[in-house]
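Here the structure comes first, spelled out in structure tokens, and everything after it is commentary.
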Number of protein chains: 2
Amino acid sequence: MERLCDYLRVLTMLDRKGQQTASSEEIGSWAGVKASQVRKDLSYFGEFGRRGLGYDVEQLRAHIRDILGVQRQRPTIVVGVGNLGSALACYPGFESHGFQIVALFDNDPRRIGYKVSGMKIHSMLDLVPVVREHRAEIALLTVPEQAAQEVAEKVVAAGIRAIVNFAPVLLSLPPEVNLRNVDLARELETLCFYLPPKE
Amino acid sequence: MERLCDYLRVLTMLDRKGQQTASSEEIGSWAGVKASQVRKDLSYFGEFGRRGLGYDVEQLRAHIRDILGVQRQRPTIVVGVGNLGSALACYPGFESHGFQIVALFDNDPRRIGYKVSGMKIHSMLDLVPVVREHRAEIALLTVPEQAAQEVAEKVVAAGIRAIVNFAPVLLSLPPEVNLRNVDLARELETLCFYLPPKE
DNA sequence: TAGATTGTTAATCGATTAACAATC
DNA sequence: TAGATTGTTAATCGATTAACAATC
């Protein structure tokens, strides 16, 4: 479930505020869902709350982190070190979510060898050995649209089994590859749909 | 509906291939949904197809663009010109989706005045006049987590009614503001959940 | 006409919510 | 004990799918 991420964020916030305990009502109102939804979601994974009291913030937070598999650091590579790739390489949120960026790749000779966020940019030719060396599991693809399919295939051939594709293009890959598309324009498109026409 | 964006993408691809006509079956298989789903979705907005023949690719594409409100260019600003902000400012997908980036803002004196993607970076102090000048409707927020709430309020005060927030933090804003959260780490989190533990 | 494919209805499925007994 | 709040069941709601008459 996606909502677990929202709950985690809410709990992190409450924890920072120093709050010890939270009711499903409270969590729900922050996450924008009904209290019964929260209870249903959580009870699917176990009984984390105390009747009459609510949920222990810190404890529930730990549980959700466990469920999301955040406890393990997943070695992750970034392929394509343009602005977006650089942003991802530096993105502070990843580490705490269990993603450890271990290597960067690009095929532009003007970039290869330079460092971003303390990591050297590798040539695509080094993909196989570097992936193997770091035992990388996940690839973030931030290459131009036209290159995406080809690069994705290379990455899969190198042994990566999970890809997050940021290019606005549909990739066709073997079904065993865990593929996730993030299209920045798309988020805005649906926004636009709900936006009233300007007066 | 979000799926309309997928259909649009599929149609664009088919159009480029030079295909004149497409069946719901075909569109569905590319978009990863059932044919009946496609027909249902489309029929909600009108009768765009011809029984026995399918849908005219170009025509349907125009219809969907209309529905999504893409025909109008929405003046859009980017607030926070770090790596992510720069990536968005240059992102080629936006123009074609009806978003026209008209101005960039930052409060770092080392950035103000410089140009990214041909646009000058304005000081946050110029927010009100510049927003008014360009009649900006949408703001993309790519500022650090700690600054997000404050900056969002300034942007709203300047007259913006739609915000896409890229900071991994929940903003509390007046209900009339159209708010959309894009959390990059979150996409990966759910990926992680489905990822089998490494052997 | 016969084959194909839509638009739409009805059936199915799953997800959300309300309600409440269990219990802290 | 009384009040609060969970975990879970049953009811509701909406979304997906199958099926098929309409029709190109």
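Below, read A as the first sequence line, B as the second, and so on, with proteins coming before strands; counting in each chain starts at 1.
- If you take CD of A:Glu25 and P of C:dA19, they are 14 Å apart, rounded to a whole angstrom.
- When rounded to the nearest whole Å, the span between CZ of A:Phe45 and P of D:dT6 equals 18 Å.
- As the counterpart of C:dG14, D:dC13 is assigned, both hydrogen-bonding distances of the Watson-Crick or G-U wobble pattern falling under 3.5 Å.
- Sparse packing is recorded around CD of B:Glu58, with 12 or fewer heavy atoms of other residues, nucleotides or ligands lying under 6.0 Å away.
- Across the strands present, D:dT23 finds its partner in C:dA4; the criterion is a Watson-Crick or G-U wobble pair with both atom distances under 3.5 angstrom.
- For the pair A:Arg50 and A:Lys40, both in contact range of DNA chain D, the more 5′-proximal nearest nucleotide belongs to A:Arg50.
- Closest to the A:Arg3 side chain, of the nucleotides C:dT17, C:dT16, C:dT6, is C:dT16.
- Side chain of B:Arg39, nearest nucleotide from D:dT6, D:dT16, C:dT6: C:dT6.
- Atoms CG (A:Asp41) and C1' (D:dT8) sit 14 Å apart, rounded to a whole Å.
- Between the side chain of A:Arg51 and the base of D:dT5, no donor-acceptor pair under 3.5 Å is found.
- As a whole-Å value, the separation of B:Tyr44 OH from D:dT17 C1' is 19 Å.
- Relative ring orientation between B:His63 and B:Phe48 is described as parallel, the plane-to-plane angle staying below 30° on a 0-90° scale split at 30° and 60°.
- One interatomic measurement links the two molecules: CG of B:Asp56 to C1' of C:dT5, which rounds to 15 Å at whole-angstrom precision.
- For A:Glu47, the listed nucleotide lying nearest its side chain is D:dG7; candidates were C:dT6, C:dT16, D:dG7.
- A distance-only check finds no donor-acceptor pair linking the side chain of B:Ser86 to the backbone of B:Leu84 [under 3.5 Å].
- Contacts of A:Ser23 with the nucleic acid, taken as non-hydrogen atoms under 4.0 Å apart, involve only primed sugar atoms and P, OP1 or OP2.
- In this structure, of D:dT17, D:dT5, C:dT16, it is C:dT16 that holds the atom nearest to the side chain of A:Gln37.
- Residue A:Glu133 qualifies as enclosed at atom CD: its count of foreign heavy atoms under 6.0 Å is above 12.
- Here B:Tyr55 reaches the OP1 or OP2 of C:dG7: one of its side-chain N or O atoms lies under 4.0 Å away.
- Between B:Ser24 and C:dT5 there is no side-chain polar atom (N or O) within less than 4.0 angstrom of OP1 or OP2.
- Comparing A:Ser36 and A:Leu53 by the nucleotide of DNA chain C whose heavy atom lies nearest to each, the residue mapping closer to the 5' end is A:Ser36.
- Remark: C1' of C:dA4 and CD of B:Glu26 are 14 Å apart, rounded to the nearest angstrom.
- Rounded to an integer number of Å, the gap from A:Lys34 NZ to D:dT6 C1' is 18 Å.
- If you measure from atom CD of A:Gln20 to atom C1' of D:dT5, you get 18 Å, rounded to the nearest angstrom.
- With respect to the salt-bridge test (charged N to carboxylate O, under 4.0 angstrom), the residues A:Arg3 and A:Asp6 do not qualify.
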